[in-house]
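Please read the structure below before turning to the comments.
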Number of protein chains: 4
Amino acid sequence: MKEDKRERIRQASIKVISKKGFYNTRADQIAEEAGVAVGTIYNYFSNKEEILEYIFEVELKKRLAFLEELENKEGHVLDKIHLFLQKHFNEIIKDPKVGEILVKEKQFPHRNNLNAILGYLKLIPEKLTLLLENGAKKGQIRKCNYKLIGSSLFGAIQGVVEVAIQNNELAILNEAADELTDLFFNGLKIK
Amino acid sequence: MKEDKRERIRQASIKVISKKGFYNTRADQIAEEAGVAVGTIYNYFSNKEEILEYIFEVELKKRLAFLEELENKEGHVLDKIHLFLQKHFNEIIKDPKVGEILVKEKQFPHRNNLNAILGYLKLIPEKLTLLLENGAKKGQIRKCNYKLIGSSLFGAIQGVVEVAIQNNELAILNEAADELTDLFFNGLKIK
Amino acid sequence: MKEDKRERIRQASIKVISKKGFYNTRADQIAEEAGVAVGTIYNYFSNKEEILEYIFEVELKKRLAFLEELENKEGHVLDKIHLFLQKHFNEIIKDPKVGEILVKEKQFPHRNNLNAILGYLKLIPEKLTLLLENGAKKGQIRKCNYKLIGSSLFGAIQGVVEVAIQNNELAILNEAADELTDLFFNGLKIK
Amino acid sequence: MKEDKRERIRQASIKVISKKGFYNTRADQIAEEAGVAVGTIYNYFSNKEEILEYIFEVELKKRLAFLEELENKEGHVLDKIHLFLQKHFNEIIKDPKVGEILVKEKQFPHRNNLNAILGYLKLIPEKLTLLLENGAKKGQIRKCNYKLIGSSLFGAIQGVVEVAIQNNELAILNEAADELTDLFFNGLKIK
DNA sequence: TATGAATGAGTGTTCATTCAT
DNA sequence: CATGAATGAACACTCATTCAT
């Protein structure tokens with residue numbers, strides 16, 4: 001019941017924020033879209049930023065859970081990365097509105113210095129870094145600066161999504177997983 | 001004289017914005033830092049956003065000019081990319097405050113839909129894409145989805161800078177140019 | 001309830017504006033006088049000018065309604081004008097603050113070119129002109145340039161009120177209806 | 001020389017203010033129109049309001065001088081008023097821009113309570129009142145409330161001009177002097 | 001006397017958040 | 001738990017005026 005209302009507000013927020021941007025979205029616009037009163041929003045979120053954080057949280061938890069699953073599985077690191085890319089790009093193709101928010105609002109400046117979004121967001125390249133490190137340990141890829149390459153991979157993913165959304169070419173994402181894996185496969189194979 | 005004042009305001013803005021974020025920077029804080037009156041700012045910029053745009057403009061023009069130089073030179077595309085990465089990372093090491101702004105404020109939501117910053121920003125991956133395409137034509141690298149790889153490269157660059165700045169580890173940037181070139185070198189070499 | 005608050009703001013505005021002039025009246029002064037927060041004003045009026053327009057609207061609608069009543073009644077045109085003058089001057093004697101605003105703020109320059117006040121204000125001389133025209137048709141007064149005489153009458157009314165208010169001699173208004181009717185009666189009688 | 005520059009600024013001000021209204025006229029727009037620097041304006045006028053006051057002063061002095069001339073002449077009061085009306089309406093037809101300013105800016109709210117314009121403006125109905133009073137003494141017109149009728153006349157004049165300018169029908173002013181004199185002639189003749 | 005860059009006080013309006021109902 | 005009217009702090013920007021040159 002409680003989660004129901006929270007979810008309704010999240011969905012409404014995604015709709016409005018993806019269209020107007022978080023900065024230009026007013027609390028009452030979210031309320032109207034969600035079919036509740038403004039006050040109700042504040043029964044489920046303590047402030048506007050928290051809604052945005054929640055949107056990121058939901059998406060990022062999905063990715064992190066998937067990455068953790070992958071960590072515990074056997075298999076080649078680059079296959080795992082390939083699976084992750086497929087998963088991520090598919091989610092975005094499925095719900096481009098959320099994708100747009102992930103791309104555009106990631107750096108939204110929080111009033112307090114605790115930026116929950118960046119907190120979550122850091123976990124992804126960290127997981128990727130770990131994946132690479134373990135892959136190298138198992139001799140699946142060459143040694144490298146894992147953190148640096150992990151961050152690059154994470155950045156590359158975002159670069160692709162950014163371009164796809166900016167130019168309204170979601171189709172590009174369909175081949176993106178293959179191309180990127182290919183790039184990193186050759187780039188990281190044992191010499 | 002006129003450019004002097006404009007430059008002073010730019011410098012002051014970089015200092016304040018990198019510390020507090022553009023959104024949380026007040027016009028009078030910039031004025032104070034620049035040692036001028038608020039009104040003076042508006043003799044040189046027509047609004048606050050224009051200051052941010054100018055900061056990006058200055059930086060991006062440097063990069064674009066460098067990329068154009070590279071385009072017209074002989075040499076292997078990956079050497080060119082290597083040079084560009086060195087140039088970019090060095091600039092950031094030299095002036096991390098600007099780097100911070102480039103990373104954090106890139107997506108700042110503009111009131112009018114004409115986002116001058118994104119306009120400039122799109123040119124970089126476009127140039128990279130062009131570089132890759134020409135390199136492929138000359139047989140220096142394999143064929144690939146140039147736009148996708150160009151965007152990935154651009155994203156990778158940003159991912160690295162983001163992590164470096166977030167974790168306050170500028171040192172990582174010193175090897176970043178080499179590592180990234182290496183990654184793409186293998187990733188894109190003729191099979 | 002909603003109209004209550006709007007009315008409270010109107011009353012407060014009359015008080016403050018008549019004292020300091022619209023131009024020198026700050027939104028927070030109105031709010032304070034009305035016993036509400038500044039923001040509340042903007043829940044009932046979309047901007048400061050709209051408050052002034054509303055003050056004129058209320059007053060002018062009273063006059064226009066009265067003039068329309070008169071139009072539909074039988075009787076001599078100059079008796080009708082006499083009644084209108086009495087009505088108008090009485091209203092001003094009853095509430096001189098509003099009178100002061102009507103006189104002083106009538107020409108307030110609006111930012112957009114649509115000056116709602118002038119729109120309303122033009123209707124009064126138009127009605128007077130119509131009254132004169134009909135009176136002439138019925139042979140109650142001589143033929144004349146109705147528009148010109150209508151405007152003169154409207155101007156004369158304002159001239160009288162202006163002087164009465166400027167010199168703080170509201171008493172003059174008591175005889176004004178009679179004197180003016182007398183003037184126009186002789187001035188317009190059939191030769 | 002000094003008067004030359006002052007006059008140039010007055011002329012420029014008339015041009016700009018009649019177009020945009022005093023409230024919307026910026027000091028630098030006047031300067032540009034006059035072909036001088038902003039600072040120069042302040043060598044000839046101590047502030048912006050003083051320019052407007054000066055415009056009124058010049059016009060009103062012309063009228064007052066004319067009225068004083070008339071006072072000292074022999075003749076019927078209504079002939080004198082006729083002459084005055086002709087003079088006034090002719091001036092407005094000759095230079096409608098000034099007429100527009102006289103009508104629109106008369107009530108401009110001054111920051112200090114000393115409104116020089118209203119000070120001047122009051123003198124006109126006072127002179128008219130005096131004229132009427134003297135006429136009555138000489139038995140040229142009936143007794144009446146001179147102040148009230150003087151103010152009415154002054155108001156009537158303004159009403160006519162206002163309508164003429166609002167509707168862009170300066171032609172109406174050509175017959176206005178005759179019509180108005182006629183009205184007052186009959187309205188004030190000895191019974 | 002002319003200039004025009006610099007000044008900074010001044011204010012309408014917004015909108016996230018609250019809380020009495 | 002839902003409501004939505006009330007709140008009031010916050011801020012970009014303007015523009016008349018100044019004064020060093």
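Every chain is numbered from 1 and lettered A, B, ... according to where its sequence line falls, protein lines coming before strand lines. Below, each value reflects all heavy atoms present in this structure, side chains not excepted, and no hydrogens, waters or symmetry copies.
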C:Asp28 or B:Ala37: which one's nearest nucleotide on DNA chain E is closer to the 5' end? B:Ala37

How do C:Ser46 and B:Val38 order along DNA chain E: which one's closest nucleotide is nearer the 5' end? B:Val38

Heavy atoms only, 4.0 Å cut-off, all strands: where does B:Ala27 land among base, sugar-phosphate and nothing? sugar-phosphate

So C:Thr25, base contact, sugar-phosphate only, or nothing? Heavy-atom distance under 4.0 Å. sugar-phosphate

Let me know the distance between [atom1] of [X] and [atom2] of [N], rounded to the nearest Å.
X: C:Ile9; N: F:dA5; atom1: CD1; atom2: C1'; result: 12 Å
X: B:Ile51; N: F:dC13; atom1: CD1; atom2: C1'; result: 12 Å
X: C:Asn24; N: E:dT11; atom1: CG; atom2: P; result: 9 Å
X: B:Gln29; N: F:dA12; atom1: CD; atom2: P; result: 8 Å
X: C:Lys20; N: E:dG10; atom1: NZ; atom2: C1'; result: 15 Å
X: D:Lys5; N: E:dT1; atom1: NZ; atom2: P; result: 9 Å
X: D:Ile30; N: E:dG4; atom1: CD1; atom2: P; result: 17 Å
X: A:Glu49; N: E:dC15; atom1: CD; atom2: P; result: 16 Å

Test your reading of the model: is there a side-chain donor-acceptor pair from A:Ser13 to the backbone of A:Ile9, 3.5 Å cut-off? yes

Please answer whether the main-chain N or O of C:Leu118 pairs with a side-chain N or O of C:Asn115 as donor and acceptor at a distance below 3.5 Å. yes

For the rings on D:Tyr120 and D:Phe56, is their centre-to-centre separation under 6.0 Å? no

For DNA chain E, what is the dot-bracket line, given that a base pair needs Watson-Crick (N1 to N3, plus N6-O4 or O6-N4) or G-U wobble (N1-O2 and O6-N3) geometry with both distances under 3.5 Å, and | means paired with another strand? .||||||||||||||||||||

At under 4.0 Å, does any side-chain N or O of A:Tyr42 touch on OP1 or OP2 of E:dC19? no

Within the structure, does a side-chain N or O atom of B:Arg26 lie under 4.0 Å from either OP1 or OP2 of F:dA10? no

With sequence neighbours excluded, what pairs up with A:Lys20 under the side-chain contact (heavy atoms from CB on, under 4.5 Å) test? A:Val16, A:Asn24, A:Thr25, A:Gln29

Contacts of C:Glu50 that satisfy side-chain contact (heavy atoms from CB on, under 4.5 Å) - sequence neighbours left out: C:Phe45, C:Ser46, C:Asn47, C:Glu53

Among the nucleotides E:dT17, F:dT17, E:dG12, whichever has the atom closest to the side chain of A:Lys48 is E:dT17

Nearest to side-chain heavy atoms of D:Tyr44, which nucleotide of E:dT13, E:dA2, F:dC1: E:dA2

Does NZ or CZ of B:Lys48 come closer than 6.0 Å to the centre of the six-membered ring of B:Phe22, within 45° of the ring's axis? yes

Hey, are A:Glu100 and A:Lys97 close enough for a salt bridge, meaning a charged N less than 4.0 Å from a carboxylate O? no

